[in-house]
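Just so we're clear, the structure is a prediction, and the values are computed from it rather than from any experiment.
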Amino acid sequence: MQYALLRTSALALAFAASAGLAAAQQQPPPADAQQQSQQEKAQQTPSGQMGKEEPSSHAPSAAPPANAVLVNGALAVPDAPATDMVPAKFSAKNAADDALITIAYTFKTLTDDERRAIFEALKGQPAAAFNADVGTELAPAIELRPVPNEVTARVPQTKGYRFAVANNRVLLVGTSRIVVGAFGDANAPASEGRRGP
């Protein structure tokens with residue numbers, strides 16, 4: 001009697017497992033035409049072809065309601081403070097910040113006066129004939145000098161860095177000889193410590 005009960009239980013368990021497996025292997029329902037169109041468009045982009053983006057990131061978004069607090073990730077209320085939390089696809093500034101190398105973030109928040117102080121204090125030093133931007137590793141032949149105490153007293157973030165002057169710009173360099181800040185004359189276009197497009 002126990003053998004029959006055990007056999008019946010084993011058969012019932014096997015039947016339930018095979019029914020569950022069959023249900024799990026069924027194909028999902030076909031996508032509607034709009035979903036399929038969005039998926040095909042997303043797969044045509046370079047990042048979509050490499051699987052780095054979700055197809056939904058290219059989907060058109062509905063217009064926000066008139067009383068929405070957030071619009072494209074930014075606060076849409078009167079006197080709202082500016083924030084770095086807005087997604088890069090809606091903010092050119094945040095997209096440029098995303099392109100900035102990590103070690104250059106130290107100089108991202110410098111004021112215009114601090115940037116000017118760095119440039120004015122160091123621009124008269126002997127210059128070299130090369131061109132470099134933030135993120136460039138300098139050759140070992142390029143002489144680097146420590147940032148003077150007068151500058152570090154005025155801009156404490158520069159303490160421990162070295163510098164070189166080239167192409168009418170002051171380049172601050174970290175311990176790995178990678179340029180982490182580029183400061184130029186305020187009247188001339190320069191990268192100002194950011195890597196730009």
Side-chain angles (χ1 to χ4, degrees), residues 41-58 70 72-75 81-197:
K41 283 183 195 173
Q43 290 174 347
Q44 300 306 315
T45 65
S47 57
Q49 291 171 352
M50 295 187 301
K52 291 184 177 178
E53 286 186 15
E54 294 182 18
S56 63
S57 67
H58 296 286
L70 287 174
N72 294 337
L75 288 171
T83 176
D84 286 342
M85 301 304 291
V86 177
K89 68 181 183 178
F90 299 120
S91 168
K93 177 196 168 293
N94 291 348
D97 286 350
D98 287 350
L100 187 64
I101 61 173
T102 305
I103 58 175
Y105 268 75
T106 302
F107 303 108
K108 175 185 158 205
T109 58
L110 293 180
T111 65
D112 289 339
D113 287 340
E114 290 171 325
R115 291 175 183 281
R116 199 172 304 110
I118 293 169
F119 177 73
E120 292 297 325
L122 303 176
K123 71 178 181 180
Q125 300 293 325
F130 69 94
N131 192 11
D133 203 357
V134 173
T136 305
E137 184 173 359
L138 299 181
I142 297 172
E143 180 187 353
L144 299 175
R145 294 176 290 284
V147 175
N149 291 336
E150 304 82 52
V151 177
T152 59
R154 174 91 194 266
V155 185
Q157 294 92 326
T158 60
K159 185 175 178 111
Y161 286 90
R162 296 172 295 163
F163 75 97
V165 178
N167 200 18
N168 199 27
R169 294 189 307 163
V170 173
L171 305 173
L172 290 184
V173 179
T175 57
S176 60
R177 299 189 68 85
I178 294 177
V179 177
V180 295
F183 305 93
D185 185 3
N187 298 327
S191 66
E192 296 298 328
R194 295 176 189 256
R195 184 190 311 197

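- Side-chain contact check for Leu138 versus Val179: some heavy-atom pair is nearer than 4.5 Å.
- Shown here are the side-chain contact (heavy atoms from CB on, under 4.5 Å) partners of Thr102, two or more places apart in sequence or in another chain: there are none.
- Residues passing the side chain to side chain donor-acceptor pair (under 3.5 Å) test with Asn149: none are found, sequence neighbours excluded.
- A ring pair (Phe, Tyr, Trp, His ring centres under 6.0 Å) check over residues 133-170, counting only residues at least two apart or in different chains, returns the pairs Phe107-Tyr161.
- You'll find the side chain of Arg154 reaches within 4.5 Å of the side chain of Asp113, heavy atoms only.
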Pairs under 3.5 angstrom only: tabulate donor-acceptor contacts from the side chains of residues 117-132 to other protein residues two or more places apart or in another chain.
residue : atom : partner : partner atom : Å
Glu120  : OE1  : Lys123  : NZ           : 3.0
Asn131  : OD1  : Asn167  : ND2          : 3.4
Asn131  : OD1  : Arg169  : NH2          : 3.4

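- Each of Val147, Val134, Thr106, Leu144 was evaluated against Leu172; a single residue qualifies, Val147, per the side-chain contact (heavy atoms from CB on, under 4.5 Å) test.
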Exercise for the section: Evaluate the side chain to side chain contact (heavy atoms under 4.5 Å, CB included) criterion for residues Thr158 and Glu114: first the C-alpha distance (whole Å), next the side-chain angles of each, then the deciding distance (0.1 Å), finally the verdict. Expected result: CA-CA 10 Å; Thr158 60; Glu114 290 171 325; over 6 Å; no
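- The main-chain N or O of Arg162 is never found under 3.5 Å from a side-chain atom of Arg145 such that the two would form a donor-acceptor pair.
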